[in-house]
Amino acid sequence: MSTVEQKTNAAAAALEYVEDGMTLGLGSGSTAEIFVRLLGARIEEEGLKVQGLPTSKETEALAREVGVPLMPVEHAVTIDVTVDGADEVDGRFHLIKGGGGCLLREKIIAAASDRMVVICDETKLVETLGRFPLPVEVDPFAFTITAKKVFDALRRAGVKRPDVNLRRRGDGLEPFVTDGGHYILDCACGEIPEPELADAELIDLPGVIEHGLFLDLARVVIVGEDEAARVMEL
Ligand SMILES: O=C(CO)[C@H](O)[C@H](O)COP(=O)(O)O
């Protein structure tokens, strides 16, 4: 069975957390995309009334295409539920996110939500975070200086040999630029032994806008399996 089916099972189970009248954070990436499509279908079939807050331009375009009404982002104050994917999930529901480069907006929306529901396939579950390179969103100005600071910060956080690389677009020539106009440093860590320490070391560095460690934000993790979905709540 493919991960697409697992993602679909997870996304379908997340609809259980959606109620009439809710403001919903809409995540980014392939699993969140499946959720937005299923949400659009439910709105059409059942007349469900919700408002979405997308975490990327791609998700915004998709939500419009499938008929999910959007709240103007400048009107947003609180969010009932955010449904989003993840690149890694550990046993404490700590996450690495940002594989799609949307981590800043994803974190703003997740942190403003009463409940963050993570949807993923089984491949995303890990014992220790760090197999997936940690994305760090930085200001483009003098990013090489920031990259060295990020390397040092990860070393102080116990990462043995961090490998910090500027993310490039598909053509490999130009830097990848986020929706907010920033660069991404992908930091191969192998293992991040103390995510809280890495968070503390990274977040105050000049030039760092945000990083992809989502700690203490997810309240529900839904893991899609081949025939169903496993729902875990904190
Ligand atoms: O953090 C993200 C985007 O910034 C995604 O949620 C993450 O990359 C997972 O993506 P997918 O559902 O395609 O595996």
Side-chain angles (χ1 to χ4, degrees), residues 1-15 24-39 52-63 79 81-90 93-113 115-126 129-138 166-170 175-189 192 195 199 202 208-215 217-225 229-230:
M1 196 70 76
S2 76
T3 55
V4 177
E5 275 145 320
Q6 294 189 0
K7 289 175 182 185
T8 304
N9 287 336
L15 282 174
L24 299 174
L26 305 175
S28 299
S30 60
T31 320
E33 176 184 323
I34 296 169
F35 174 78
V36 173
R37 288 187 185 281
L38 293 175
L39 180 65
L53 273 167
T55 54
S56 63
K57 290 179 182 165
E58 270 190 25
T59 298
E60 179 177 345
L62 175 65
I79 300 162
V81 173
T82 284
V83 179
D84 201 349
D87 298 300
E88 282 189 351
V89 182
D90 77 7
F93 290 12
H94 290 345
L95 317 172
I96 287 183
K97 284 187 53 56
C102 316
L103 63 113
L104 173 60
R105 295 184 182 190
E106 289 172 336
K107 199 179 271 190
I108 292 171
I109 296 293
S113 303
R115 190 183 245 171
M116 181 191 194
V117 177
V118 171
I119 50 177
C120 63
D121 60 82
E122 289 174 315
T123 65
K124 305 297 180 65
L125 300 180
V126 297
L129 295 177
R131 190 182 60 197
F132 189 90
L134 176 67
V136 178
E137 187 158 346
V138 300
L166 179 67
R167 187 179 297 184
R168 296 191 179 274
R169 289 196 327 215
F176 172 90
V177 179
T178 68
D179 285 350
H182 308 126
Y183 287 175
I184 299 264
L185 300 173
D186 285 313
C187 306
C189 295
I192 303 174
D199 171 37
L202 287 169
V208 168
I209 312 284
E210 194 46 88
H211 61 72
L213 286 168
F214 282 48
L215 310 181
L217 287 173
R219 293 284 163 265
V220 181
V221 173
I222 305 180
V223 185
E225 297 174 341
R230 181 156 40 106

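Atom set for the values below is all heavy atoms of this structure, side chains included, hydrogens, waters and symmetry mates excluded. Atoms within a ligand are numbered from 1 in the order they appear, just like the ligands themselves.
Rounded to the nearest 0.5 angstrom, K124 NZ and D87 CG are separated by 5.5 Å.
When each atom of ligand 1 is checked for a heavy atom of G29 under 4.0 Å away, the hits are 13 (O). Close approach of ligand 1 to G85 (heavy-atom distance below 4.0 Å) involves ligand atoms 6 (O). Ligand 1 places these atoms under 4.0 Å from at least one heavy atom of G101: 4 (O).
Of the polar atoms of G100, at least one N or O is found under 3.5 Å from an N or O of ligand 1, judged by distance alone. Considering backbone and side-chain N/O of A32, none are found under 3.5 Å from N/O of ligand 1.
Of all the heavy atoms of A86, the ones lying under 4.0 Å from any atom of ligand 1 belong exclusively to the backbone. Only side-chain heavy atoms of D84 come within less than 4.0 Å of ligand 1; its backbone N, CA, C and O stay farther off.
Under the 4.5 Å side-chain criterion, counting only non-hydrogen atoms from C-beta, I184 is in contact with T178. Put simply, the side chain of H94 does not reach to within 4.5 Å of the side chain of L213, judged on heavy atoms. Side-chain contact between L26 and L39 is present, with heavy atoms from C-beta onward closer than 4.5 Å. Contact check for V81 versus V117: side-chain heavy atoms found under the 4.5 Å cut-off. F93 has its side chain out of reach of R219: every pair of non-hydrogen atoms, C-beta onward, lies at least 4.5 Å apart. Side-chain atoms of F176 and L166, non-hydrogen and from C-beta on, never get closer than 4.5 Å to each other.
Remark: minimum distance from atom 6 (O) of ligand 1 to any protein heavy atom is reached at K97 NZ, 2.8 Å. Ranking protein heavy atoms by distance to atom 5 (C) of ligand 1, first place goes to S28 O, 3.3 Å. Taking atom 8 (O) of ligand 1 as the reference point, the nearest protein heavy-atom neighbour is D87 OD1, 2.6 Å. Among all non-hydrogen protein atoms, the one lying nearest atom 14 (O) of ligand 1 is K124 NZ, 2.5 Å. Considering only non-hydrogen protein atoms, atom 3 (C) of ligand 1 sits nearest to E106 OE2, 3.1 Å. Scanning the protein for heavy atoms near atom 12 (O) of ligand 1, the closest one is T31 OG1, 2.5 Å.
Residue contacts with ligand 1: G27 is excluded, as none of its non-hydrogen atoms falls under 4.0 Å. For the ligand labelled ligand 1, residue K7 lies inside the 4.0 Å heavy-atom shell.
When atom types are taken as modelled, the side chain of R169 and the backbone of V177 share no donor-acceptor pair closer than 3.5 angstrom.
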- Intermediate values then yes/no, side-chain contact (heavy atoms from CB on, under 4.5 Å), E106 and S28: CA-CA 8 Å; E106 289 172 336; S28 299; 3.4 Å; yes
- side-chain contact (heavy atoms from CB on, under 4.5 Å) evaluation trace for D199 with H211: CA-CA 8 Å; D199 171 37; H211 61 72; 2.7 Å; yes
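Distances from atom 1 (O) of ligand 1 to the heavy atoms of G98, G212, S30 put G98 nearest.
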